[in-house]
There are 2 protein chains.
Amino acid sequence: MKAILANLAYYLKRIVMHKEFQVADSRVTLRDIAREVGVHPSTISRALNPATREMVTAEIAERTLAAAERLGYRPNTFAQSLKTNRSYTVGVLVPDLTNPVFPPIIKGIDRTLEEAGYTVVVANSDNQPDREQMCLERMQERRVDGLILATARLEDPTIERCLREKLPFVLVNRTTAKNDIPSVVADETAGIKMLVQHLTDLGHRRIAMVSGPHHSSTGLWRFEAYVSALRDHGLEFAPELATQSDTFTEEDGQLAAARLLQSGHDFTAIIAGNDMIALGCLSALKNAGLKCPDDISLAGFNDMRFIDRIDPPLTTIRIPLEEMGSYAARMLLGDLNDDPSSPQTIRIVPRLMVRSSTGPAK
Amino acid sequence: MKAILANLAYYLKRIVMHKEFQVADSRVTLRDIAREVGVHPSTISRALNPATREMVTAEIAERTLAAAERLGYRPNTFAQSLKTNRSYTVGVLVPDLTNPVFPPIIKGIDRTLEEAGYTVVVANSDNQPDREQMCLERMQERRVDGLILATARLEDPTIERCLREKLPFVLVNRTTAKNDIPSVVADETAGIKMLVQHLTDLGHRRIAMVSGPHHSSTGLWRFEAYVSALRDHGLEFAPELATQSDTFTEEDGQLAAARLLQSGHDFTAIIAGNDMIALGCLSALKNAGLKCPDDISLAGFNDMRFIDRIDPPLTTIRIPLEEMGSYAARMLLGDLNDDPSSPQTIRIVPRLMVRSSTGPAK
DNA sequence: AAATTTTCTGCAAACGATTGCAAAAACTAT
DNA sequence: ATAGTTTTTGCAATCGTTTGCAGAAAATTT
């Protein structure tokens, strides 16, 4: 008796490390249904799974489905996943959930994967590479069946890791320097060409660019397209008119635009690497006492929500973001691959949205 | 031999129903570590779990942790969850992920729950009640340990269901008519009082309201606060100056404001039920050839992202949305309850943000 | 009717982790 | 050295589902 009390006291010292709340408990199992229907649980399992339902008689299938409904049976997904080694979960990694570009992409992904029986888990890296690694680790702990990454850099350790560990993944919005990675991106080149065309049509000959960071495809490739499109219009690329924002945020965009304005170089228009950078450019213009588009025209990229409501409504390149997400999900599911051994890139065709942030050159 | 071939042919008829892609397979188990360390797997389990680590010697714990790291061990969460009946997942249900109010709330929730060892799964109901039920069902299939609902109506079948099934949940942003539901909401009354005070200080005596739908607390309670605050200022509530938007969207807000303008009743200011409705009111004012704030002043609620960038920058009530999310998560974890049997409501103190959409009454 | 073939069903093992309990080992008191 | 107490560890069962295989039952062929 004394040993029993001592043992109890010993184990009561255990400390619960996780903060935990009371969990609802509903436990109808295959066994319960089997008792009702009068067959073995393995037969119930086969009857409930559409893929194996033909292996049981129609009568047993019918009675099984009725009993399952009556008893409120809900499969235990832990047990299923333990046996099948599949979670039917897909991880989506975004750099910043509060950036309006990403919610519609996620929505498109979610819609498509939901139809295929998957659940989406979203993680937010806050544009921090070490946080990115942590997010990936957490997702692997959850045994996600695949990944959709909106965080890609041209050189990206996360992608290297996914390749090394043979994790199925697709890139969305940004891609990587490697050519053989499945991706769904905007046609950056076509988009920037439209902007340069639009601005030269307005008479602009000195067109600056505040690009995104060149470690990302959305940064570097849009910049390269700008250089190329200038040449297409017989304009010479002027390096002093190009500057780089450290991130795709208003704050860093404002800093980069301020540097450009302080350099004293002459230009009549700015192409911003994306709409967030464009907002930063607007702030920098205002701080410098310049009016848009009277003094400097401004164009962005993405046509993110509300960009048509700012002052002035922004000329930008529209990307159908939900569709982009949907394509990425379908690519992950293998829908879009004629040849699964040959990864592909889908480039979404953009549209030019002309609003009042661009006007004739002074 | 013929029976074997017949059996094979029979089973080859099975059809895979889910679209599936190749899943990565990494299988280091407790057994592998046990072999390395030379103890039983149950001892490894105890050594790896901080809550039970004191039940093994320091030497075995040390060698276990080293072997786990060297072998790249990752617990099988399916097996853990099957045994413990816990998923360490929390479901968050929002009406519209692309509404800028929700991403920061989700961010706050995610940050807090992540620290407590939980993963967040977000579902999007698209403001459709039947989709809401489907989302809830999906989350229950995943055996979420708890829920945070941003979708509450004053009378809400989803909440009834959660209560009936004893699912742990917390409401965020909106609450329900029941008094004893754990919720984290803005102090609607204080916020609307500030707006009415601000507008009467500007000389407005005819203040209209385009509220949100009265089936939600954010709709009805903000409206009731408006009525009450008018009285506080010796102004009589004029029913013809109040209209209701069917949803918290630009489109429905615009329709409601247009009805108000077409009614021909005289007013000099509008309080919108939230910032999205305010954007709709702006469109309606523009269509009616009215200028804001020269002809009609306008105020919103939430201070959602970019609302300070529109034309004109909106006067509104700021709610710290990430904090709101964080409070909700902590409430679910039981952090904020002195008395767990007595559910509470946290009302977040708002701030008035005066911008150029409000000016002196004409 | 008997033999053969096809369909259906139960058995048993597996998936990987946790945990109550009892036995073994280690430590302390006499 | 022996007895008593405490700590540590292994055993075995469990969680709920899936699935290969073999035997049983049903259907078809001879």
Side-chain angles (χ1 to χ4, degrees), chain A residues 1-14 16 18 25-34 37-61 64 68 73-88 141 143, chain B residues 1-14 16 25-34 37-49 51-61 64 68 73-88 141 143:
Chain A
M1 188 60 181
K2 256 164 92 175
I4 291 177
L5 287 179
N7 242 12
L8 180 62
Y10 180 81
Y11 283 107
L12 280 179
K13 287 183 200 161
R14 299 284 74 67
V16 177
H18 276 132
D25 193 348
S26 160
R27 297 283 186 91
V28 180
T29 68
L30 294 185
R31 246 162 132 183
D32 301 310
I33 307 182
V37 180
V39 297
H40 191 265
S42 68
T43 302
I44 301 296
S45 177
R46 288 194 190 94
L48 288 176
N49 182 354
T52 49
R53 192 167 293 147
E54 284 179 16
M55 288 166 70
V56 304
T57 64
E59 191 211 337
I60 293 186
T64 296
Y73 171 73
R74 189 180 279 132
N76 187 313
T77 52
F78 307 141
Q80 289 182 332
S81 298
L82 180 58
K83 183 66 187 175
T84 62
N85 198 34
R86 279 186 173 276
S87 65
Y88 292 102
E141 284 172 8
R143 315 239 158 185
Chain B
M1 186 63 183
K2 257 166 90 173
I4 290 176
L5 287 180
N7 241 11
L8 181 62
Y10 180 82
Y11 284 106
L12 281 178
K13 287 182 198 162
R14 301 284 71 65
V16 177
D25 192 348
S26 160
R27 298 284 187 92
V28 180
T29 69
L30 292 186
R31 246 165 130 177
D32 301 311
I33 307 183
V37 180
V39 297
H40 191 264
S42 69
T43 301
I44 301 297
S45 178
R46 288 193 191 95
L48 288 176
N49 181 356
T52 50
R53 191 166 294 147
E54 285 177 14
M55 289 166 66
V56 304
T57 64
E59 191 211 336
I60 293 185
T64 295
Y73 171 74
R74 190 179 278 132
N76 186 314
T77 53
F78 307 139
Q80 290 181 332
S81 298
L82 180 59
K83 184 65 188 177
T84 61
N85 198 35
R86 281 185 173 274
S87 65
Y88 292 102
E141 284 172 10
R143 314 242 159 182

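Keep in mind that the numbers below use all heavy atoms, side chains included, and drop hydrogens, waters and symmetry copies. A note on names: the letters A, B, ... follow the listed sequences, proteins ahead of strands, and every chain is numbered from 1.
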Considering only nitrogen or oxygen atoms on both sides, find all protein atoms under 3.5 Å from nucleotides 24-27 of chain D and state each distance.
none

Below 3.5 Å is the cut-off: list the nitrogen or oxygen pairs between protein and nucleotides 16-19 of chain D, distance only.
from	atom 1	to	atom 2	distance (Å)
D:dG16	OP1	A:Arg27	NH1	3.2
D:dT17	OP1	A:Tyr73	OH	2.6
D:dT17	OP1	A:Asn76	N	3.4
D:dT17	OP2	A:Leu30	N	2.8
D:dT18	OP1	A:Gln80	NE2	3.2
D:dT18	OP2	A:Ser45	OG	2.3
D:dT18	O2	A:Lys83	NZ	3.4

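For the pair A:Glu54 CD and C:dC8 P, the interatomic distance rounds to 9 Å; values are reported in whole Å. Rounded to whole Å, atom C1' of C:dC15 lies 15 Å from atom CZ of A:Arg86. Distance A:Ile60 CD1 to C:dC8 C1': 8 Å, rounded to the nearest Å. Rounded to whole Å, the distance from CZ on B:Arg53 to C1' on D:dT8 is 16 Å. Computed from coordinates, the B:Glu59 CD to D:dT7 P distance equals 19 Å when rounded to whole Å.
Rounded to 10 degrees, the angle between the two end axes of the helix from C:dA1-D:dT30 to C:dT30-D:dA1 is 40°, with five pairs used at each end.
Scanning both residues, B:Leu48 and B:Tyr73, for their nearest heavy atoms gives CD1-CE2, 3.5 Å.
Within the 3.5 Å criterion, the main-chain N or O of B:Ala47 finds no donor-acceptor partner in the side chain of B:Thr64. Between the side chain of A:Ser81 and the backbone N or O of B:Phe78, no donor-acceptor pair lies under 3.5 Å. Side-chain N or O atoms of A:Thr84 include one that pairs as donor or acceptor with a backbone N or O of A:Gln80 at under 3.5 Å.
Rounding to the nearest 0.5 Å gives a distance of 6.5 Å between CZ of A:Arg143 and CG of A:Asn85. Interatomic distance, CG of A:Asn76 versus CD of B:Glu141, reported as 11.5 Å (0.5 Å rounding). A:Thr77 OG1 to A:Leu82 CG: the interatomic distance, rounded to the nearest 0.5 Å, is 11.0 Å.
Remark: A:Thr29 engages A:Asp32 in a side-chain hydrogen bond (donor to acceptor under 3.5 Å, both in side chains) (not counting sequence neighbours). With sequence neighbours excluded, the residues satisfying side-chain hydrogen bond (donor to acceptor under 3.5 Å, both in side chains) with A:Ser42 are A:His40. With sequence neighbours left out, the side-chain contact (heavy atoms from CB on, under 4.5 Å) criterion links A:Thr57 to A:Glu59, A:Ile60.
For the side chain to side chain contact (heavy atoms under 4.5 Å, CB included) with B:Val39, the qualifying choice from B:Ile33, B:Val56, B:Ile44 is B:Ile44, the only one to do so.
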